[in-house]
Amino acid sequence: MHLSSSKKAANQRKKASNTITLGSKVISLDAYLAPPVKRERSAARPQDGQQLEGPRNLADKNISKVKLIPEQFDQSLPAEKGCPKGTEDTTLLQNRKKLPIWQYRSEIQRALRGSENQVIIIVGETGSGKSTQVPQFLYKESWCNRRKTHAHGSRDEIFVGGTIGITQPRRVAATTLAYRVSHEAGTPLGKVGPDGRGLVGYSVRFDHRVPKGAKIKFLTEGTLLQELLRDPYLRQYSAIVIDEIHERSLDVDLLVGFLKQIINAGTEMRGGIPLRVIIMSATANVEIFKSFFNDASSTVSKTDIVQVLHIEGRQFPVEVIHEARPVADIQDALVKKILKIHMEEPLPGDILAFLTGQEEIEAAQKLIDEYATTLASNMPRIKVLPLYGQLSLDGQQEAFQPVSARFTRKVVLATNIAETSVTVPGVRYVVDCGKAKIKQYRPRLGMESLLAKPISKSSAIQRAGRAGREAPGKCFRLYTEAAFEALSESDLPEILRNDVLGAVLTMKARGIRDVLAFPLIDTPDTEAIEQALIQLHYLGALDDDGYITSAGEKMARLPVPAPLGAVLLAAEKPDFDCVIEAIDIISCITSGEDIFLQVQSEEGQEELELSRKELQRREGDLITYSTTIQQYTAENSDRMQWCKRKKINIRNIKQALNIRRQLRGICLKEKILRNAPEADPQPFTPLAPERAETVLRCFLRGYAYKTAMLAPDGSYVTVHGKHVVAIHPASVLHGQKKEAIMFLDHVFTNKSYAKKVSAIQAAWIAEALEIR
DNA sequence: GAGCACTGC
């Protein structure tokens with residue numbers, strides 16, 4: 001255990017390419033990835049045909065979203081396999097004790113008992129077991145009891161504490177961890193203990209299982225942010241554990257800001273009971289978090305309120321090999337490197353290559369496949385599998401399965417999805433092109449760009465680590481050691497890459513008057529915040545003095561982006577009266593990438609156009625969404641078949657129905673919707689053209705600034721900024737000339753594209769802009 | 001004529 005003071009951990013910088021700072025030590029990446037303690041790997045190794053292994057995988061949320069749905073997860077708990085009844089608990093405990101974090105149990109408990117150290121930072125590498133164990137170490141501590149007390153200046157009794165909240169960036173992590181921890185702690189989810197109370201719960205969108213008396217509650221970051229609206233001092237919690245903070249999601253950045261404010265405010269509003277904060281990171285670069293929270297101490301006490309604990313992980317060593325000189329053609333170098341590894345490295349050992357996008361993956365796959373046919377018969381075969389987000393579930397699944405053919409090496413060509421979101425088993429060789437596509441918002445242009453950029457050092461290390469999960473491995477970087485050195489330490493956090501419109505509304509709705517003074521680890525440009533304030537004012541969320549309006553409060557309670565919230569609020573007005581239609585469309589828009597699957601081949605394209613024809617509307621994408629969800633819900637024979645025929649993403653349209661149900665519920669509660677809509681299935685009746693017009697005019701109340709007019713030369717020029725914008729090929733209006741268009745997304749890739757496009761009239765824009 | 005990855009009481 002290493003308890004470092006701020007000074008010691010600070011100022012340590014990486015010295016050589018493969019070194020990393022761990023507390024006061026600077027060690028090489030090889031050592032960093034090497035097993036630090038004697039491990040009993042053999043005991044925890046998966047047996048033949050068993051994919052999941054022991055505690056390491058279970059503690060790790062970087063897991064296949066396909067493989068780890070909770071039920072499967074539970075069934076595959078190794079401790080329960082071939083294990084006589086009654087010894088389950090002991091085996092679970094034995095496995096827990098093997099985790100690196102176990103030996104630091106009492107130290108963690110001690111660190112949190114004192115009242116001075118209110119913030120603990122735990123650096124635990126992948127496989128340290130921090131996510132599953134830390135809450136279990138703490139929930140029996142006396143400070144974790146629920147207490148009856150009085151809020152400051154009030155005689156009313158309040159209850160404070162009793163629960164440890166653990167946030168996760170992803171739903172699947174929150175739910176699977178809850179299942180795992182509830183098992184380990186002896187009160188499986190859905191069962192109650194001897195005292196008739198539950199122990200572990202989780203709360204994510206559309207899915208809440210928090211038993212009465214739950215001491216441990218896993219939630220997504222967004223869910224906790226929503227809870228802050230009702231419970232600004234987080235009184236139900238004794239402690240908040242922020243897990244995976246190194247991912248720096250926008251929500252987590254806002255969360256730590258609110259946590260810092262709660263700490264700064266003292267304990268009066270919590271009846272004298274402090275809120276303990278545990279920050280957990282998988283990367284050692286935690287100085288920013290430390291100084292962020294230590295700043296808070298200046299107003300509370302003079303002592304350091306932050307302790308840092310380092311816990312080693314469980315990784316096999318990975319040898320990192322750089323290029324001697326820069327490569328001219330990355331794509332070519334990548335293919336050659338994969339083939340070289342295949343020729344020179346022994347089996348077993350699959351190859352995972354990181355590329356920037358689908359296009360590059362497909363091109364590389366073609367080249368490798370071509371080459372594979374020329375392999376000598378005594379050479380192992382190659383099976384190339386693509387892996388990217390938009391790939392069908394079946395396609396993704398294939399990349400996770402071991403190849404069935406004998407004497408064959410699997411080569412997975414993946415986007416960044418394989419860096420954190422999923423784990424490909426069997427990988428011992430990683431090829432890293434050094435780039436990734438990154439989305440960045442440009443406040444001045446009001447548009448996003450999606451371009452391939454160099455990755456960060458921490459990303460490169462993460463990619464390399466993918467080779468050392470099951471055995472010692474190798475990582476081939478297609479760039480020089482000097483180029484690695486020149487990379488930035490970590491990726492730009494989301495709050496500096498995204499539109500902060502939603503973040504500003506979140507702050508305003510939770511009582512922050514001066515958003516520029518809100519404590520943030522990284523503060524966006526003043527200009528970006530000002531743009532957001534102006535836009536929120538236009539949307540009616542803020543009044544002329546910058547205070548939140550009741551409409552703004554409603555918008556913050558709606559789980560949709562602010563402009564779409566404004567659309568919903570406009571939809572209830574008598575001149576539009578189209579809340580049901582707006583909800584249908586918004587559900588489709590917010591249900592994921594797109595409900596429409598894209599098809600590669602040209603012949604598939606023609607077939608697709610025919611089958612989708614009855615869904616498409618000349619008014620554009622929004623009314624097409626409306627038609628699609630209505631036809632889908634009207635379909636009561638075989639929805640699955642219907643989706644297959646129309647090439648509709650089943651997962652996303654199901655998600656759209658979930659969102660639709662949720663939005664209808666919230667709109668009823670908020671009185672945006674007066675009467676509950678008729679239950680499905682309803683017969684399909686096409687939206688009349690005049691109704692479609694009303695719906696589009698209503699959407700303009702949120703998107704008047706995202707419009708363009710047709711110029712004499714046939715191009716579209718945006719009303720704001722006068723930029724040329726092209727209708728994206730995925731839009732039903734692609735290639736068409738309309739007087740004016742409204743678009744919900746504006747992304748620069750190869751050029752400036754308008755997405756989710758509708759045909760409108762120029763006069764409507766003026767109408768929408770005159771409103772305020 | 002084109003799609004990094006997540007996510008929301």
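Below, each value reflects all heavy atoms present in this structure, side chains not excepted, and no hydrogens, waters or symmetry copies. Order of the sequence lines fixes the chain letters, A, B, ..., with proteins taken first and strands second; residue numbering starts at 1 for each chain.
- Listed candidates were B:dT7, B:dC6, B:dC4. Nearest to the side chain of A:Ile417 is B:dC6.
- Atom CG of A:Leu615 sits about 5.5 Å away from atom CD1 of A:Ile648, to the nearest 0.5 Å.
- Distance from the side chain of A:Lys437 is smallest to B:dC4 among B:dG8, B:dG3, B:dC4.
- When each of B:dA2, B:dG8, B:dG3 is scored by its nearest atom to the side-chain atoms of A:Leu450, the top-ranked nucleotide is B:dG3.
- Partners of A:Asp584 by side chain to side chain donor-acceptor pair (under 3.5 Å), not counting sequence neighbours, listed by chain and number: A:Gln630, A:Arg660.
- Rounded to an integer number of Å, the gap from CG of A:Leu391 to P of B:dA2 is 20 Å.
- Put simply, CZ on A:Arg510 is 10 Å from C1' on B:dG8, counting in whole angstrom units.
- Map A:Ala730 and A:Asn498 each onto its nearest nucleotide of DNA chain B; the residue landing nearer the 5' end is A:Ala730.
- A:Lys755 is linked by a side chain to side chain donor-acceptor pair (under 3.5 Å) to nothing, counting only residues two or more places apart in sequence or in another chain.
- If you take CG of A:Asp594 and P of B:dA5, they are 14 Å apart, rounded to a whole angstrom.
- For B:dT7, neither phosphate oxygen OP1 nor OP2 lies less than 4.0 angstrom from any side-chain nitrogen or oxygen of A:Arg205.
- In terms of polar N and O atoms assigned as donor or acceptor, the side chain of A:Arg170 never comes within less than 3.5 Å of the base of B:dC6 in a complementary pairing.
- Neither OP1 nor OP2 of B:dT7 sits under 4.0 Å from any side-chain N or O of A:Ser249.
- In terms of the side chain to side chain donor-acceptor pair (under 3.5 Å) criterion, residue partners of A:Ser752 (sequence neighbours excluded) are, by chain and number, A:His746.
- OP1 or OP2 of B:dG8 has not a single side-chain nitrogen or oxygen of A:Thr223 nearer than 4.0 Å.
- Along DNA chain B, the nucleotide nearest to A:Leu558 and the one nearest to A:Thr356 differ in position, and the one closer to the 5' end is contacted by A:Thr356.
- Rounded to whole Å, the distance from CG on A:Leu492 to P on B:dC6 is 20 Å.
- Distances from the side chain of A:Val204 to the nucleotides B:dG3, B:dG8, B:dC4 place B:dG8 closest.
- Checked against side chain to side chain donor-acceptor pair (under 3.5 Å), A:Thr356 has the following partners two or more places apart in sequence or in another chain: A:Glu360.
- Near DNA chain B, defined here as any heavy-atom distance below 4.0 Å, the residues from residues 746-757 of chain A are A:Thr749, A:Tyr753, listed numerically.
- One finds no salt bridge joining A:Arg466 and A:Glu419 here, because no Lys/Arg side-chain nitrogen approaches an Asp/Glu carboxylate oxygen to under 4.0 Å.
- Among B:dA2, B:dC9, B:dC4, the nucleotide with an atom closest to any side-chain atom of A:Gln662 is B:dC9.
- Counting non-hydrogen atoms under 4.0 angstrom, A:Arg171 reaches the backbone sugars and phosphates but no base.
- Legend: residues meeting side-chain contact (heavy atoms from CB on, under 4.5 Å) with A:Ala541, ordered by chain and number and at least two apart, are A:Leu505, A:Leu536, A:Met555.
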